[in-house]
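Chain letters run A, B, ... following the sequence lines, proteins first and then strands; every chain starts at 1. Side chains included, hydrogens not; waters and symmetry mates left out as well; all remaining heavy atoms used.
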Number of protein chains: 2
Amino acid sequence: MRLTTKGRFAVTAMIDLALRQNNGPVTLAAISQRQQISLSYLEQLFGKLRRHELVESTRGPGGGYTLGRKASEITVADIIVSVDEPIDATQCGGKENCLGEGHRCMTHELWAALNTKMVDFLDSVSLQSLVDDQLAKGVVVENAPMIKRAISSAPVVKPIRVNAPNSVFALGGVAFSK
Amino acid sequence: MRLTTKGRFAVTAMIDLALRQNNGPVTLAAISQRQQISLSYLEQLFGKLRRHELVESTRGPGGGYTLGRKASEITVADIIVSVDEPIDATQCGGKENCLGEGHRCMTHELWAALNTKMVDFLDSVSLQSLVDDQLAKGVVVENAPMIKRAISSAPVVKPIRVNAPNSVFALGGVAFSK
DNA sequence: GCTTTCCCGACTGTTTTCGTCGAGTATAGC
DNA sequence: GCTATACTCGACGAAAACAGTCGGGAAAGC
């Protein structure tokens, strides 16, 4: 279980998606603009999310992504392991005796305890609960036009490929200096 | 809050230290051998842990490291932030309006919620509780000779610098394929 | 046929991780 | 004082992961 900005991007994007999928599929271009994440990077992340069946895609105009199952049935742990590709294979597999010195892979056991706690915790946080948090905080979801047709009239801001010139969130663990 | 193998090494080493500091200071060489972590790397990690006052050092023969305070008063969060050096500075600082589009940095708020939960959780897990887990699992702590003197007699395995030829735990998130 | 949108693989630059090395300082015991 | 032990510090380096780019392609709707 690793926890980096990569996982954060994925969680952020998933919340954005969950907040807005009522009006049909949400495009990556829209998420990219709202959350300031590079479109190409989102494509990579959603490729993984789709292969893990956390999202479904529909192509063509009016297409985009929707959640693969209910937000209450998607956990933060699901999202993070999807994009992090746990290369796993902790070598000794967990059962072999890493070194035949009788203490059989204490290092492994050692970390496993904390890791279990971590996974259990992240598995207890559902996407729905994060969405609720956002709604409670008064996040305004532009209840978009149900039109879906009648496009190509307004001066749409063209969603080009490169839209995050110098990403603001490039690095940094997250605030909390305390 | 980042969570990588670096933090894992630090936590692992701290548990090892907590398990054995009864018989006086524990040397990095000993931890290195038991946990299969490069000695030089441990030196770096413990330099940070010491500067954060999580451990204390005593030099010279018979020296080593001891915990800076009781194991029950050290949390996993303490250890991880010590070695991870939270570069912080999430750019927009958390108060500015990242982009003047009214939704004032939703991305930021979004992740902050989960991050708070993470930190709170890791802050609730004490080093002592992890040590207890280990003892409960029947980890045998070689209740080492209280001698401390009378060294240089037995054919001691020389603790040279290079002792982890090809580290087994080089990468990999941790097991849990499920 | 055109546009929209997802899909995929390859590529690149920076940061982090992990580890090495060399030199130095404090302490204890002879 | 000498020597061995052990921490202390800084620099360096290879390899991986991260974050992002790019170009082309394929399905679907108009």
Side-chain angles (χ1 to χ4, degrees), chain A residues 2 4-10 24-32 37-51 55-66 83-85 87 148-152 156 158-173, chain B residues 2 4-10 25-32 36-51 55-66 83-85 87 148-152 156 158-173:
Chain A
R2 212 149 61 253
T4 65
T5 49
K6 190 178 189 173
R8 164 178 145 187
F9 280 144
V26 180
T27 69
L28 291 190
I31 298 178
S32 170
I37 306 173
S38 132
L39 176 55
S40 306
Y41 200 32
L42 276 179
E43 285 177 349
Q44 281 183 38
L45 297 181
F46 273 76
K48 294 180 178 180
L49 292 173
R50 182 176 51 83
R51 279 186 285 276
V55 297
E56 286 173 358
S57 62
T58 42
R59 289 173 152 185
Y65 283 94
T66 48
V83 298
D84 255 340
E85 298 289 359
I87 311 180
K148 282 190 63 179
R149 301 297 142 81
I151 340 174
S152 75
V156 182
K158 54 181 175 182
I160 39 170
R161 205 67 178 271
V162 181
N163 51 2
N166 44 357
S167 171
V168 180
F169 282 96
L171 54 83
Chain B
R2 210 150 62 255
T4 65
T5 48
K6 189 176 190 175
R8 165 179 145 186
F9 280 142
V26 180
T27 70
L28 291 190
I31 298 179
S32 169
Q36 299 292 305
I37 306 173
S38 131
L39 177 55
S40 306
Y41 198 33
L42 276 179
E43 286 176 350
Q44 283 181 35
L45 297 181
F46 273 76
K48 293 180 178 180
L49 292 172
R50 183 177 51 82
R51 279 186 285 277
V55 297
E56 286 174 358
S57 64
T58 44
R59 289 174 153 185
Y65 284 95
T66 48
V83 298
D84 253 342
E85 300 287 0
I87 313 178
K148 280 191 65 177
R149 300 296 141 81
I151 342 174
S152 73
V156 183
K158 54 180 177 182
I160 40 171
R161 206 69 177 270
V162 181
N163 51 3
N166 44 357
S167 173
V168 180
F169 282 95
L171 52 82

>> Could you measure the distance from the CG atom of B/Leu28 to the OH atom of B/Tyr41? Nearest 0.5 Å is fine.
In response: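 Those atoms lie 14.0 Å apart.
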
> Between atom OH of B/Tyr65 and atom CG of B/Leu49, what is the distance when rounded to the nearest 0.5 Å?
Replying inline: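 CG of B/Leu49 is found 8.5 Å from OH of B/Tyr65.
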
Between atom [atom1] in [X] and atom [atom2] in [N], what is the gap in whole Å?
X: B/Leu42; N: D/dC7; atom1: CG; atom2: C1'; value: 13 Å
X: B/Glu56; N: D/dA6; atom1: CD; atom2: P; value: 19 Å
X: B/Ile31; N: D/dC7; atom1: CD1; atom2: C1'; value: 12 Å
X: A/Phe46; N: C/dC8; atom1: CZ; atom2: C1'; value: 17 Å
X: B/Arg51; N: D/dC7; atom1: CZ; atom2: P; value: 15 Å
X: A/Lys48; N: C/dC7; atom1: NZ; atom2: P; value: 15 Å
X: A/Leu45; N: C/dC8; atom1: CG; atom2: P; value: 14 Å
X: B/Leu39; N: C/dT20; atom1: CG; atom2: C1'; value: 11 Å

> OP1 or OP2 of D/dT8 sitting under 4.0 Å from any side-chain N/O of B/Arg50?
Replying inline: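 Yes, within the criterion.
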
> Are any of A/Thr58's side-chain N or O atoms less than 4.0 Å away from OP1 or OP2 of D/dA28?
Replying inline: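 Negative; the distance criterion is not met.
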
Which nucleotide, [options], lies nearest any side-chain atom of [X]?
X: B/Ser57; options: D/dT8, C/dT3, C/dC18; value: D/dT8
X: B/Ser40; options: C/dT20, D/dG20, D/dG29; value: C/dT20
X: B/Thr5; options: D/dC7, C/dT17, D/dG20; value: C/dT17
X: B/Thr27; options: C/dC6, D/dC7, C/dC18; value: D/dC7
X: B/Glu43; options: C/dC6, D/dC9, C/dG19; value: D/dC9
X: A/Pro61; options: C/dA28, C/dT4, D/dG20; value: C/dT4
X: A/Arg59; options: D/dT8, C/dT17, C/dC6; value: C/dC6

> Which residues pass the side chain to side chain contact (heavy atoms under 4.5 Å, CB included) test with B/Leu45, sequence neighbours left out?
Replying inline: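 Testing B/Leu45 for side chain to side chain contact (heavy atoms under 4.5 Å, CB included), a comparison that skips the adjacent residues, returns B/Lys6, B/Phe9, B/Val83.
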
> Checking all strands, does A/Val26 fall into the base, sugar-phosphate, or nothing category for heavy-atom contacts under 4.0 angstrom?
Replying inline: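 A/Val26: backbone/sugar contact only, no base atoms under 4.0 Å.
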
> NA contact type, A/Tyr65, heavy-atom cut-off 4.0 Å: base, sugar-phosphate, or nothing?
Replying inline: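 Sugar-phosphate, no base atom in range.
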
> A/Ser32 and A/Ser38: which non-hydrogen atoms are nearest, and at how many Å?
Replying inline: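 Shortest heavy-atom separation between A/Ser32 and A/Ser38 comes out as OG-C, 4.1 Å.
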
>> With a 4.5 Å cut-off on side-chain heavy atoms, are A/Val26 and A/Ile31 touching?
In response: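 In short, these two side chains touch, coming nearer than 4.5 Å.
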
> What does the inter-axis angle of the helix from C/dG1-D/dC30 to C/dC30-D/dG1 come out as, five pairs per end, nearest 10 degrees?
Replying inline: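 Rounded value for the end-axis angle: 20°.
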
> Between the base of D/dT21 and the side chain of A/Gln44, is there a donor-acceptor distance below 3.5 Å?
Replying inline: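 Side chain to base: pair found, below 3.5 Å.
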
